[in-house]
There are 2 protein chains.
Amino acid sequence: MARRASDTDDVLEERNEGRAAVLDAAARAFMHDGYAGTSIDDVAEQLGGTKGRVYHYYRSKADLFFDVHSESMRQNFEGAGAIAHEGGSPIDRLERMVRAHALLMMTHLPYQRVSVLGVEMHLAGNTTSKQRATLRDAIARRDEYERLFVQVVEDGIAAGEIRPLDAALVVKGLLGALNWITIWYRPRETDTGESRMRIAEEMTTYLISGLRRRG
Amino acid sequence: MARRASDTDDVLEERNEGRAAVLDAAARAFMHDGYAGTSIDDVAEQLGGTKGRVYHYYRSKADLFFDVHSESMRQNFEGAGAIAHEGGSPIDRLERMVRAHALLMMTHLPYQRVSVLGVEMHLAGNTTSKQRATLRDAIARRDEYERLFVQVVEDGIAAGEIRPLDAALVVKGLLGALNWITIWYRPRETDTGESRMRIAEEMTTYLISGLRRRG
DNA sequence: GTCTATACTAGGATAGAC
DNA sequence: GTCTATCCTAGTATAGAC
């Protein structure tokens, strides 16, 4: 994951892996207890180490939190966002975006659940101005991602494939239904990806069929 | 709100109002910063008083949290749950339940948002056995509420009004889309209920039309 | 690069005045 | 019934050994 093509720069390579391991532990810890409910000791325990390791890679808990969000949005743009600019009719693109987003919620559950639970809250005032800037940036990227969906829906309406409706509101409903997966979905040990595909497929069918003109 | 018909029992009356005021302040505070992110001082500030007032009515922060959940589920059963047992065809009942639930999310935003953000998390271990029992009860009531929706969908499928699909999964999507309203909806000062009705109506149309057999 | 030890503060909860 | 004063634990962050 996130391994660079070049394996020559070993120092940087290992630095990235250590950092990625901390980030992964943080995502899982935040997923369980939320931002405020998670202590750095919890993150360290998830990691199988101590506080010292965490603080070696991240200056503060807030920085860790931001990086989880950042990674989650990267996954979204790469996984579903890219489809917005691919070929195909608007409703076909939308259908693929919805399916991809549904799968992302399950395959990257820790990151996505933390992201879904919101960036705005959790940080009551005790932030530096630099952190507030990062926060604004995270919100902006999330809004931008949502706008990709709205645009495709509007294209679908213009093309006559989707019946006329409030595109912004429908996308709120659509992404709400999908983001909600992170709240109830619990992966099984025996989970091979088959069950995830079934959930994504069923959910996509439901959410898209309500948009089509006629039936 | 929650005023009893009889005004003779003034002592109990006032005791309830004081308690209700604390609960209301807690719901608003939790809505902003989540459970762990909210201090008792924050609740007191919302209330326009001090800690002492809060602890006079509630023994602990966890008890306050549970009561917010309890009140939110009471609102749901009263507002949308009751419709499940009313007359009309399954899909008509479902439509009314969905509309009612959407409106509940907006009219009781503080309580509903706290409820939506989850009971399970936020309480990492530091709970008494009595509190754990209350927690299990809260989860059970939420599941029971969800099952009302599933039952009506299954009735609709049996009646041939709704096309055959995974009722449990569709309800997850449906309630997810509706619960998500608490995440993005921000009431305006000029909000007369007109705009809330429009949102509820538009969302209901979208979520129901994907279920109907044919178009 | 990872650990232990420690400083420092925020916040839950209680006691007791008014 | 509401306040102020205080106790005490939990948790962020840092220093410095290994």
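Heavy-atom basis, side chains included; hydrogens, waters and symmetry copies ignored. Chain letters run A, B, ... following the sequence lines, proteins first and then strands; every chain starts at 1.
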Heteroatom pairs (N/O) under 3.5 angstrom, protein to nucleotides 2-5 of chain C:
residue, atom, partner, partner atom, Å
C:dT2, OP2, A:Tyr57, OH, 3.2
C:dC3, OP2, A:Thr50, N, 3.1
C:dC3, OP2, A:Thr50, OG1, 3.1
C:dC3, O5', A:Thr50, OG1, 3.4

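The nucleotide whose nearest atom lies closest to any side-chain atom of A:Tyr55 is, among C:dA13, D:dT12, C:dG11, D:dT12.
Looking at heavy atoms from C-beta onward, B:Leu211 lies in side-chain contact with B:Leu165 at the 4.5 angstrom threshold. A heavy-atom distance below 4.5 Å is not found between the side chains of A:Glu146 and B:Trp184.
Summary for the helix from C:dG1-D:dC18 to C:dC18-D:dG1: the axes at its two ends, each from 5 pairs, differ by 10° when rounded to the nearest 10 degrees.
Rounded to whole Å, atom P of D:dA13 lies 6 Å from atom CD1 of A:Ile40. When rounded to the nearest whole Å, the span between CG of A:Asp41 and C1' of D:dT9 equals 14 Å. If you measure from atom CG of A:Leu47 to atom P of C:dG1, you get 14 Å, rounded to the nearest angstrom. For the pair B:Lys61 NZ and C:dA10 P, the interatomic distance rounds to 15 Å; values are reported in whole Å. When the C1' atom of D:dG1 is taken as reference, atom CD of B:Glu17 falls 14 Å away, rounded to whole Å. Atom-to-atom, OH of B:Tyr58 to P of D:dG1 comes out at 14 Å; the value is rounded to the nearest Å.
In this structure, the separation between CG on B:Asp33 and CZ on B:Arg28 is 13.5 Å, given to the nearest 0.5 Å.
B:Glu71 has a carboxylate O that lies under 4.0 Å from a charged side-chain N of B:Arg74, or vice versa, which qualifies the two as a salt bridge.
Cation-pi geometry between A:Arg19 and A:Tyr58 is met: the NZ or CZ atom falls under 6.0 Å from the ring centre, inside 45° of the normal.
In this pair, B:Tyr35 and B:Phe30 present their aromatic rings tilted. The plane angle is within the 30 to 60° band.
At distances below 3.5 Å, at least one donor-acceptor pair connects side-chain atoms of A:Thr38 with backbone N or O atoms of A:Ala29. A donor-acceptor contact shorter than 3.5 Å links the side chain of B:Arg186 to the backbone of B:Ile183.
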